[in-house]
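Working notes, structure below.
Worth knowing before you read on, the calculation uses all heavy atoms, side chains too, and leaves out hydrogens, waters and symmetry mates. Every chain is numbered from 1 and lettered A, B, ... according to where its sequence line falls, protein lines coming before strand lines. All figures in this text were calculated on a predicted structure; none of them were measured in a lab.
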There are 2 protein chains.
Amino acid sequence: MPGPQLLHAALTRNTGFLISWMGLVSSKHFSERIASIGLTTRMWGVLNVLDAEGPITQGALGAAVNMDPSSMVSTIDELESHGMVERRRHPSDRRAYALHMTEQGRETLARGRELSREAQGELLAPLSEEERAQLRELLLKLAAASGELTSPPA
Amino acid sequence: MPGPQLLHAALTRNTGFLISWMGLVSSKHFSERIASIGLTTRMWGVLNVLDAEGPITQGALGAAVNMDPSSMVSTIDELESHGMVERRRHPSDRRAYALHMTEQGRETLARGRELSREAQGELLAPLSEEERAQLRELLLKLAAASGELTSPPA
DNA sequence: TATTGTTATACTCTATAACTATA
DNA sequence: TATAGTTATAGAGTATAACAATA
């Protein structure tokens, strides 16, 4: 799509389609913002989970963000080349890395969180504080149950 | 992502990210369903708008679903090869087509709408009727305003 | 024999630019 | 000169398979 614009009324009937649409709008908007500090959405996800989980294996991190191993390689490559993450050797398993966040990684993450809040504010501008909280709760319920989804019927 | 599963808690803080995530879950789930009747998400969007707008030009249809002209060509090719849409010549402009939906297109659309309702029911299963209506209203507000978004700051 | 991470490869989706036939 | 549609191509993003080092 050449820039998400207005959704045709005919495509507005199904709430699932609405969610997909707003998901595209949101991720496009957000990725434009964090691009200004050299981040992609994938890097963003990895950086956040790494921050929460501490030194962790590349495979475990990939599993946590639902990214396959080969995509992880290039994502970590990017983060490392920007000095945000270090690949150190795992102390007891010489096949594996222990990924560490650098000081610059932490600074970038902090700056990214500011941008993230800004982007969210713009995205949710049409909603009142109460409505934002409502939306957030509803989405959390859906996300919590989304693991049981996605398998096509027999 | 190898199949949307659970979202890591660290990525749950930002509502914008939540929307993106659920958008991926929803569109993956939905596209798996309509694949069973030979439709892709793009074909689905075009079919719905074509149904609403009646015979229409390829370019106008592309604008209505925010799809660039070259992507429209392959999408209409698919629809035409499945006998759902016909490219007839525009009565007064021989450069343009007037796209017509066939009877089979209408049948597929009707069947797709059933699948769409089913998929929506599964996606929104964790929500009560009242919550579903809430979510729908909130998303409509956001979608209505999404045109003003997406441009990065100066 | 299995696992961690890597490489090479391919497939999908989407966008860009150059082209044709009309206007 | 501009527009409707087409073609060829290139760029993301993501997935698969084969591989080296280590377990």
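Look at CG on L99(A): it is 12 Å from C1' on dT4(C), rounded to the nearest Å. Counting to the nearest Å, the P atom of dT6(C) and the CG atom of L61(A) are 12 Å from each other. Counting to the nearest Å, the P atom of dA18(D) and the CG atom of D68(A) are 16 Å from each other. Atom C1' of nucleotide dT14(C) and atom CE of M67(B) are separated by 10 Å, given to the nearest angstrom. In this structure, E86(A) atom CD and dG5(C) atom C1' are separated by 18 Å, rounded to whole Å. The CD-C1' distance, from E78(A) to dG13(D), rounds to 11 Å in whole Å.
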Where protein sits on nucleotides 4-10 of chain D, one letter per nucleotide: B base, S sugar-phosphate only, - none, heavy atoms under 4.0 Å
SSBB---
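A search for side chain to side chain contact (heavy atoms under 4.5 Å, CB included) contacts involving R111(A) returns I37(A), E114(A), L115(A), not counting sequence neighbours.
OP1 or OP2 of dA23(D) has at least one side-chain nitrogen or oxygen of R94(A) nearer than 4.0 Å.
Of the candidates L50(B), L79(B), I56(B), L50(B) is the only one forming a side chain to side chain contact (heavy atoms under 4.5 Å, CB included) with M101(B).
When only modelled atom types and interatomic distance are considered, S116(B) and R13(A) share no side-chain donor-acceptor pair under 3.5 Å.
Within the 4.5 Å cutoff, side-chain heavy atoms of I19(B) are placed close to those of L135(A).
Here the side chain of N48(A) pairs a donor or acceptor atom with the backbone of W44(A) at under 3.5 angstrom. In this structure a side-chain-to-backbone donor-acceptor pair under 3.5 Å is missing from Q120(A) to N14(B).
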